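Some notes on the structure that comes next.
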Amino acid sequence: MTIEHTFDNVTLVNDDYRNHLHHLHNADVLITDPPYGMNYRGHGHKQKPIAGDKTTHLRDQLITTWGANKPAMIFGTWRVPKPTCRNTIAWIKTNIGPGMGALDLPWGSAWEEIYILGTGFYTPHKRQPNHTQINAYPAGSKQRPNHPTPKPVELMEWLIQHCQPEWTIIDPFAGSGATLRAARNLGRTAIGFEIDHDYTELAADLLRQDQEKGNTT
Ligand SMILES: C[S@@+](CC[C@H](N)C(=O)[O-])C[C@H]1O[C@@H](n2cnc3c(N)ncnc32)[C@H](O)[C@@H]1O
């Protein structure tokens, strides 16, 4: 049986999104942070690996199913070839240090990429440069959800604010639920899928806490 949680206009489903492709076809914008294809392990390898993170297959399969012309914002890394896109936003994590990685180099990585596909985005004031500086969760911080790659809810809100208010959002790789939490805070309609039961419960708990606190932006 598929477990489904609902918080205001936001639904979280514990399943492989590929069992629910009709939701992909009904959604207006794809906002997601897929397995990057870098076999990432969080915090000193204490966390379990992300399902499907050995290659970019899941990312590329999703983009093929979604199509190049529908609006999409998809996280990625410079470490693997990027998909064809119309722009790439740099999320610059100004609050964190160089971290680990290739220690023989003088630079560590402190930014991620967000690929923009499709048309019709909302332009609130005037055109902006394609970067944003929003704090990441520092490793080991109390606020950091217990997931290897949690995105800040504030960053997801910033992305969603560039979508048309009436658009239905879909996140097929929900993880700790940052996209869904941001959507709920902003009063948007969204659906997300997470294959891992523990991460689904984590996201559901965070969404429940937000709802109880009356979090809105
Ligand atoms: C990079 S993480 C997303 C992190 C998320 N943005 C957050 O803020 O926590 C990718 C997630 O996709 C999930 N996943 C992998 N394959 C999936 C699939 N076929 N369907 C649904 N979820 C999947 C993984 O379990 C993982 O939690």
Side-chain angles (χ1 to χ4, degrees), residues 2-5 7 10-24 27 29-43 46-66 72-80 82-83 89 91 93 96 109 112-115 132 134-139 141 143-160 169-185 190-207 209-210:
T2 308
I3 301 170
E4 198 171 301
H5 302 272
F7 306 92
V10 167
T11 305
L12 168 64
V13 182
N14 175 213
D15 204 2
D16 187 323
Y17 86 88
R18 291 170 294 188
N19 295 331
H20 306 266
L21 287 182
H22 60 286
H23 285 292
L24 209 60
V29 61
L30 171 68
I31 305 182
T32 198
D33 176 25
Y36 289 1
M38 59 184 281
N39 209 12
Y40 181 75
R41 301 292 297 271
H43 296 130
K46 280 187 201 138
Q47 287 171 320
K48 56 186 163 182
I50 295 172
D53 193 31
K54 290 214 165 122
T55 70
T56 57
H57 171 72
L58 278 171
R59 177 197 78 180
D60 298 338
Q61 182 186 45
L62 172 64
I63 292 173
T64 303
T65 310
W66 181 253
M73 299 166 156
I74 302 171
F75 282 79
T77 170
W78 53 266
R79 294 173 178 85
V80 298
K82 65 176 172 182
I89 295 173
W91 167 37
K93 309 173 194 177
I96 63 161
S109 276
E112 289 187 36
E113 303 184 343
I114 304 162
Y115 311 120
T132 184
I134 289 177
N135 287 351
Y137 293 113
S141 82
Q143 289 72 32
R144 186 183 169 102
N146 190 17
H147 184 282
T149 60
K151 295 293 173 287
V153 175
E154 188 188 348
L155 172 66
M156 304 317 296
E157 288 179 356
W158 182 79
L159 291 174
I160 290 173
I169 299 163
I170 190 163
D171 182 354
F173 300 109
S176 65
T179 308
L180 301 182
R181 295 176 68 195
R184 204 208 61 83
N185 289 351
I191 184 163
F193 297 87
E194 173 52 52
I195 202 166
D196 184 288
H197 178 262
D198 295 341
Y199 294 149
T200 307
E201 290 305 305
L202 169 68
D205 279 349
L206 293 168
L207 279 155
Q209 286 168 29
D210 290 347

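Owing to the predicted nature of the structure, the values given are computational and were not obtained by experimental measurement. When a residue number appears, it is its place in the shown sequence, counting from 1. Indexing begins at 1, ligand by ligand and atom by atom, following the structure's order.
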Next on the checklist: I'd like to check T56 versus P34 (side-chain heavy atoms, cut-off strictly below 4.5 Å). Are they in contact?
Outcome noted: no
Checklist entry - Going by the atom numbers of ligand 1, which of them fall below 4.0 Å from some non-hydrogen atom of P172? => result 20 (N), 21 (C), 22 (N)
Next on the checklist: If I apply the N/O under 3.5 Å rule, does I195 come out as touching ligand 1?
Outcome noted: yes
Checklist entry - Among protein heavy atoms, which lies nearest atom 26 (C) of ligand 1, and at what distance? => result E194 OE1, 3.5 Å
Checklist outcome for this item: Quick note on ligand 1: atoms under 4.0 Å from a heavy atom of P150 include exactly 7 (C), 8 (O), 9 (O)
Item to check | Option whose closest heavy atom lies nearest to atom 8 (O) of ligand 1, chosen from R59, R18, K151, H20 | outcome: K151
Checklist entry - How far is atom 15 (C) of ligand 1 from its nearest protein heavy atom, and which residue and atom is that? => result A51 O, 3.3 Å
Next on the checklist: Counting only heavy atoms from other residues, nucleotides and ligands, does the tally under 6.0 Å from CD of Q61 exceed 12?
Outcome noted: yes
Item to check | Pi-cation contact, W78 with K82 (under 6.0 Å, within 45°) | outcome: no
Checklist outcome for this item: D15 heavy atoms within 4.0 Å reach ligand 1 at atoms 20 (N), 21 (C)
Next on the checklist: Show me which atoms of ligand 1 lie under 4.0 Å from any heavy atom of D16.
Outcome noted: 18 (C), 19 (N), 20 (N)
Next on the checklist: Can you name the atoms of ligand 1, numbered from 1 with element, that are less than 4.0 Å from a heavy atom of Y199?
Outcome noted: 27 (O)
Next on the checklist: Parallel, tilted or perpendicular: which one describes the rings of F193 and H23, with boundaries at 30° and 60°?
Outcome noted: tilted
Next on the checklist: Show me which atoms of ligand 1 lie under 4.0 Å from any heavy atom of L58.
Outcome noted: 16 (N)
Next on the checklist: Could you tell me, atom by atom, which parts of ligand 1 come under 4.0 Å of a heavy atom of Y17?
Outcome noted: 20 (N), 21 (C)
Checklist entry - Which bit of A174 is near ligand 1, meaning a heavy atom under 4.0 Å away: side chain, backbone, both or neither? => result backbone
Checklist entry - How close does the nearest protein non-hydrogen atom get to atom 12 (O) of ligand 1, and which residue and atom is it? => result F173 CB, 3.4 Å
Next on the checklist: According to ring pair (Phe, Tyr, Trp, His ring centres under 6.0 Å), who are the partners of F173, at least two apart in sequence or on a separate chain?
Outcome noted: Y17
Checklist entry - Cation over ring, K151 on F75, under 6.0 Å and within 45°? => result yes
Item to check | For S176, atoms of ligand 1 separated by under 4.0 Å from a heavy atom | outcome: 7 (C), 8 (O), 9 (O)
Next on the checklist: To the closest 0.5 Å, what do you measure between CG (L58) and CD1 (I63)?
Outcome noted: 11.0 Å
Next on the checklist: When you measure from the side chain of D33 to the backbone of A174, do you find a donor-acceptor pair of N or O atoms at a distance under 3.5 Å?
Outcome noted: no
Checklist outcome for this item: Restricting to heavy atoms, the pick from D171, D33, L202, T200 nearest atom 3 (C) of ligand 1 would be D33
Item to check | CG-CG distance between N146 and L202, expressed to the nearest 0.5 angstrom | outcome: 6.5 Å
Checklist entry - So which protein heavy atom does atom 2 (S) of ligand 1 come closest to, and at what separation? => result T149 OG1, 3.4 Å
Checklist outcome for this item: For H5, the ring pair (Phe, Tyr, Trp, His ring centres under 6.0 Å) test, sequence neighbours excluded, returns none
